[in-house]
Every structure is written in C-alpha cells, then in structure tokens.
Amino acid sequence: YLFAAISAATYGMNPLFALPLYDGGMDLYSVLFFRYLFAIPILAIMLKIRRRDFSIERKDVSPLIILGILFALSSITLFSSYHHMDAGIASTILFVYPIMVALIMFFFFKEKISAKTIACIAVALLGIALLCKSGEGAVVSTKGILFVLGSSLSYAIYIVYVNKSRINKMATIKVTLYVLTAGWIIFAIRALASGTLTTPPTEKWWLWGNILALSIFPTVISLICTTEAIQCIGSTPTAILGVLEPVTAVFFGAVIFGEILTTRIVIGLILVITSV
C-alpha cells in the first residue's frame, strides 16, 4: 500500500515538470524521448548496484515489448491532453483508471469486487470531481477528454498485464528498465522518421533539470513502486491508491503556484483520503 501511494504521488508530478518544457519550446515527442532516455541509465545503475544480472529469457521479450508499448501510449495520450485542456483537469480525469482496472479484473478474470471497494471508488470519484476545476471561462475539450481516457485505459491494461503475465515474477527494476527501453525505441524511431528532435533553448539550460526530474519522479520511482505494489497487493488495490495523484496535484498547486485551497477542494481532499 505504501508503494502504491508513492507511485500515485510521484506520477502526479508529470505536469509539474512537463509544462515548463512545453513553454520552453520542446514538442511532445522530444520531451518523452529525453524522459525515457535519462531514466534508462538510472535504472541500469540501480540494477548494477543490487548486483542483479541484465539477462532475460526469450519468453519475457514479448511481454516486455507489450508493456513498453502500453506505457508509451499512456504517456503520449496524457501529454497530448495538456495541449487541449488544463493539466490539473487532465490529471484528475486520468484517475478513472482504477474503475477500468476493477472492471477488467471483474469481467475478464472473474475477480470479485466487494461492496466496500465499490463504495470507496464512488467516494473517491466524488472527491476527484470536487478537485476538478478549470480557469474562468475555460472549456473542457472533447479531444482532450478522449486523450485522457485513452491514457487511462492504456495504464489500466498495463497494471493488469503486469499482474497477470509471467513478468509478475521478474525483479521490479529489471521490468522497469526493459519497459522504458522498449518505449524509448518507439520514440527514437519516431524521431528518426520525422527528423525532428527539439531540446531546451540555450538560454533556458535549467530546463534540463526538468527533464531529469521528469525521468526520476513520475517515471523511475513511479514505475518501480507500481510494479512492486502490484506484486504485493494486486492490480485493483494498487489502482485504487492511484486516486492520491490529484491530492499531489492540489498540494503542488497550493505550495508552488500559490493556488488557493477553497472549501470545495478541502472537502474533495478529505473524501479522497477517506476513501483510500
């Protein structure tokens, strides 16, 4: 449960580091290219420090590629949504994925959903709805919502697949390393095909720190904790703990960007935390 909570909290940092990169002139695919590229050596060093080998069986290649595609797709659709709607709303709507995970487990794997779990999901959704806010006069884009729902579905399938495939028995860091490598290859092929790869402008060199932070917190730490949590407590509880992500978004909004905590937001936070 602790791993699942950490995973959710760090994944909620995506907009915090990604939006300044957009403002600095980087495009979506370049941001993701460097995000994955910086994360891979970090994971390799962690694996080496633990004295684990890098070898995998031939049977593991296909599942790891599938997981890489799913996570890359989830990243692409989520980061695309930031161009069509407020990042706060996108990050909040993203957390319909616990419901998707619960439904996939129920319909395809016959996992029973207790009345308590259903009640907790309902309370969490009510809390998230109260947290969901936009600027005055802002319109929630249909295209943006579709992108976010696509990201939610990809991530939900990712969580279930980690739990139900043979990858469930593999060392957590090794899984994360090869998943991100498979995802990075997708972005590398896209960069070669398009011939475009943007970097932070010279006068804004500090944005490389954003890329590094993006690689560490919502990528390395979040994915490791997600996989570890799934192996410990299963898909559905891990997904439900994901509702802590909007709490993270509200926290950073208040502390870093000076957003005001209204009564509605405080009630939403209390509902989400209570449900967890």
Side-chain angles (χ1 to χ4, degrees), residues 11 14-15 17-47 54-84 90 94 97 143-144 146-162 165-167 170 172-201 207-208 210-224 226-227:
Y11 199 69
N14 268 312
F17 303 121
L19 294 181
L21 295 172
Y22 285 167
D23 293 338
M26 290 186 70
D27 65 88
L28 159 71
Y29 290 98
S30 296
V31 169
L32 293 175
F33 175 90
F34 287 110
R35 173 192 182 185
Y36 283 46
L37 180 62
F38 280 29
I40 291 169
I42 295 172
L43 288 163
I45 292 169
M46 291 174 67
L47 200 61
F54 290 84
S55 63
I56 57 174
E57 296 181 27
R58 185 176 297 179
K59 295 177 182 177
D60 296 326
V61 175
S62 294
L64 288 170
I65 291 174
I66 292 171
L67 287 172
I69 293 171
L70 286 170
F71 194 73
L73 184 60
S74 181
S75 298
I76 292 168
T77 47
L78 177 61
F79 279 51
S80 295
S81 71
Y82 296 159
H83 290 299
H84 300 280
L94 175 68
Y97 81 77
K143 185 182 288 187
L146 291 176
F147 274 130
V148 177
L149 292 179
S151 181
S152 298
L153 181 59
S154 301
Y155 195 53
I157 297 172
Y158 175 92
I159 288 176
V160 173
Y161 196 79
V162 168
S165 68
R166 56 182 282 114
I167 297 302
M170 187 182 293
T172 304
I173 295 177
K174 186 184 289 189
V175 172
T176 310
L177 171 64
Y178 286 110
V179 164
L180 290 181
T181 300
W184 177 78
I185 290 172
I186 293 172
F187 298 122
I189 292 172
R190 195 268 175 190
L192 287 172
S194 65
T196 57
L197 190 64
T198 56
T199 59
L207 288 177
W208 285 106
N210 277 56
I211 295 176
L212 182 60
L214 195 62
S215 302
I216 293 173
F217 293 102
T219 310
V220 171
I221 294 176
S222 184
L223 266 181
I224 287 175
T226 297
T227 306

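Counting from 1, the numbers follow the sequence of the chain as shown.
By the 4.5 Å heavy-atom criterion applied to side chains, Phe79 and Tyr29 are not counted as neighbours. Counting only heavy atoms from C-beta outward, the side chains of Tyr161 and Leu67 approach each other to under 4.5 Å. Side chains of Phe34 and Leu197 form a contact here, defined as non-hydrogen atoms less than 4.5 Å apart.
Test Thr226, Leu47, Thr181, Leu223 against Thr176 for side-chain contact (heavy atoms from CB on, under 4.5 Å) and you get one pass: Leu223. Considering Ile224, Thr219, Val179 as possible partners of Leu43, the one that fulfils the side-chain contact (heavy atoms from CB on, under 4.5 Å) test is Ile224.
Side-chain polar atoms of Ser215 and Arg35 form no donor-acceptor pair below 3.5 angstrom. Using modelled atom types and a 3.5 Å distance limit, the side chains of Ser151 and Ser74 yield a donor-acceptor pair. A side-chain N or O of Ser30 and one of Thr198 form a donor-acceptor pair less than 3.5 Å apart.
Using bins of under 30°, 30° to 60° and over 60° for the plane-to-plane angle, the ring pair Tyr155/Tyr158 lands in the parallel bin.
For Leu177 against Ile40, the heavy-atom pair with the smallest separation is CD1-O, 3.5 Å. The two residues Val175 and Leu64 make their nearest non-hydrogen contact at O-CD2, 4.1 Å.
For residues 66-79, no residue pair satisfies the salt bridge (charged side-chain N to carboxylate O under 4.0 Å, His left out) rule, not counting sequence neighbours.
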Q: Apply side-chain hydrogen bond (donor to acceptor under 3.5 Å, both in side chains) to Ser75 and Tyr36, showing your working.
A: CA-CA 10 Å; Ser75 298; Tyr36 283 46; 2.9 Å; yes

(Q) Pair Tyr22, His83 - check ring-ring contact (aromatic ring centres under 6.0 Å, His included), show working. (A) CA-CA 9 Å; Tyr22 285 167; His83 290 299; 4.5 Å; yes

Q.
For a side chain to side chain contact (heavy atoms under 4.5 Å, CB included) check, start with the C-alpha distance between Ile211 and Met26, then their side-chain angles and the critical distance, and finish with the verdict.
A. CA-CA 11 Å; Ile211 295 176; Met26 290 186 70; 4.0 Å; yes

Q.
Please evaluate residues Met46 and Val220 with respect to the criterion side chain to side chain contact (heavy atoms under 4.5 Å, CB included), reporting the C-alpha separation (whole Å), side-chain torsions for both, the decisive distance (0.1 Å), and the verdict.
A. CA-CA 10 Å; Met46 291 174 67; Val220 171; 4.1 Å; yes

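With sequence neighbours left out, Ile221 forms a side chain to side chain contact (heavy atoms under 4.5 Å, CB included) with Ile6, Thr10, Ile216, Phe217, Cys225.
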